[in-house]
There are 2 protein chains.
Amino acid sequence: MSTNAPAVQGADQASHPSRRRRGPALQEAIFSAVFDQINEIGYARLTMDRIAAAAGTSKAVLYRRWESRESLVLDALRESLPTVPEPPAGQSLRADLLHVLEAVRSAFTVTKGTTFHLVAAEAGGDCRALADERVFVPAHRVILGVLGRATGRGEISAELVTDLIAGIGPALLRSQAIDGPVPDPATVTAIVDEILLPLLTAR
Amino acid sequence: MSTNAPAVQGADQASHPSRRRRGPALQEAIFSAVFDQINEIGYARLTMDRIAAAAGTSKAVLYRRWESRESLVLDALRESLPTVPEPPAGQSLRADLLHVLEAVRSAFTVTKGTTFHLVAAEAGGDCRALADERVFVPAHRVILGVLGRATGRGEISAELVTDLIAGIGPALLRSQAIDGPVPDPATVTAIVDEILLPLLTAR
DNA sequence: TCAATAGGGTACGGATTAGTTTCTTATCGA
DNA sequence: TCGATAAGAAACTAATCCGTACCCTATTGA
């Protein structure tokens, strides 16, 4: 079959033309290729041929592991997304917020800024469900918990513990990820220090 | 050619099987079909066949107007997105913020919540550029202007006139549009009254 | 050393979709 | 009433992509 996958100049392949990768190295190359191709050509034009070529492997290798493009993309996301841990006990409100929003930020950086494209591309998508289940819903819950405990310590008013306010940090990170490049740690700090703390601790 | 476009039960077509539409009515049906199909099957599976079927028309009609799926989708977006007007002079900070954020909100509702999918689906996309040019960049500029004038009136501190703070409202609306359904006017009011005004006017 | 495993390349058939062409006939305005 | 225009249907060709099969050989561990 003639394929119009673009010529590949993968450094690994070029510098080790007969090298074959196995296990984690191969999978890493494949997942990286998925994210790179989405950035380069968009999800709509993503094909198994292009992913294989970008990874310096073959379609047979992909089909040996995944039954479809969709399941590969879902696995790439699943293996990359962070979990959102509860912050350690005894931290300040500021440290807590930084902690959870840093996890949200990494949800964008680990996929080279394509998390949002993956989530948007298919209707009723498994990627969206996964991102929500793994990152956004837990983050929301953790932030509400952080705000609840701050209320308990008398640091903030109880009426500030709302879904809307809890949504500010992730929304700003998402927004930046949409506008790309992916948000950096300074962004998280700015969100906490310039928006959340002033809003929460205003009298 | 055999086509696997789904069977169509468009009410118009069904109730007027020989009725043909022309001009604005036909274009409206086509654009509506674009947004409906994206919600139903996702941008990745959007085809000219499906759009034609959903609109109760034919591919020939589409190709007579647009050279490709991408140009049709871009036109659908272009014809739907609002502009972001300057708010009238002499309004309060609150009224100004409500005014501009309502325009941003409508950028999501006019495309039945698909603005974000359109913007995400193609790399380096024209849809993204259009949405930025028509809505997001002007909204940002207008909000900075609104904040600047509030500073001039002594209502808020000058150091609150930042890109980050100006980004809050659109980011929250975007976030809601991603999570769907599309944001409603109460959301805009809540953003202004529960977040922006408290943040801006805190002492 | 050697056999099992699987990576990588390539060819293939089939399905899907793009895009074009032809035809009939509804629509509309002169 | 009538002719020009174009909507809608359907058939067609071509290109793309999916998914599979086969082959050679690198890799790995017994």
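Just so it is clear, the structure is predicted and the values come from calculations on it, not from any experiment. So that the names make sense, note that chain A is the first sequence line, chain B the second, and so on, each numbered from 1.
Here B/R21 reaches the OP1 or OP2 of D/dG8: one of its side-chain N or O atoms lies under 4.0 Å away. At the phosphate of C/dT17, neither OP1 nor OP2 sits under 4.0 Å from any side-chain N or O atom of B/T47. Listed pair A/T57 / C/dG7 fails the phosphate criterion, with no side-chain N or O lying under 4.0 Å from OP1 or OP2.
Salt bridge absent: B/D75 and B/R65 never bring a charged side-chain N and a carboxylate O closer than 4.0 Å. Ion pairing between A/R45 and B/E122 holds under the 4.0 Å rule for side-chain N and carboxylate O. Salt bridge absent: B/R105 and B/D184 never bring a charged side-chain N and a carboxylate O closer than 4.0 Å.
For the pair A/I51 CD1 and D/dC17 P, the computed distance is 12 Å after rounding to whole Å. One interatomic measurement links the two molecules: CZ of A/R20 to C1' of C/dA4, which rounds to 14 Å at whole-angstrom precision. The distance between atom CG of B/L26 and atom C1' of D/dA6, rounded to the nearest whole Å, is 10 Å. Atom CG in A/L46 sits about 17 Å away from atom P in D/dT16, given to the nearest Å. Taking atom CD on B/Q27 and atom C1' on D/dA6, their separation rounds to 15 Å, with Å as the unit. B/D49 has its CG atom 12 Å from the C1' atom of D/dA9, to the nearest Å. Put simply, CG on B/L62 is 16 Å from P on C/dT21, counting in whole angstrom units.
A cation-pi contact, defined as under 6.0 Å to the ring centre and within 45° of the axis, is absent between B/R141 and B/F136.
With hydrogens and angles ignored, a donor-acceptor pair under 3.5 angstrom links the side chain of A/K59 to the base of D/dG19.
The distance from the CD atom of A/Q176 to the CG atom of B/L164 is 7.0 Å, given to the nearest 0.5 Å.
Under 3.5 Å, the side chains of A/S106 and A/T109 contain no donor-acceptor pair of N or O atoms.
Taking the side chain of B/R22 as heavy atoms from C-beta on, and the options D/dA7, D/dC22, D/dT27, the nearest nucleotide is D/dA7.
For the segment residues 63-75 of chain A, residues with any heavy atom less than 4.0 angstrom from an atom of DNA chain C are, sorted by number, A/R64, A/R65.
The aromatic ring centroids of B/Y43 and A/Y43 lie 6.0 Å or more from each other.
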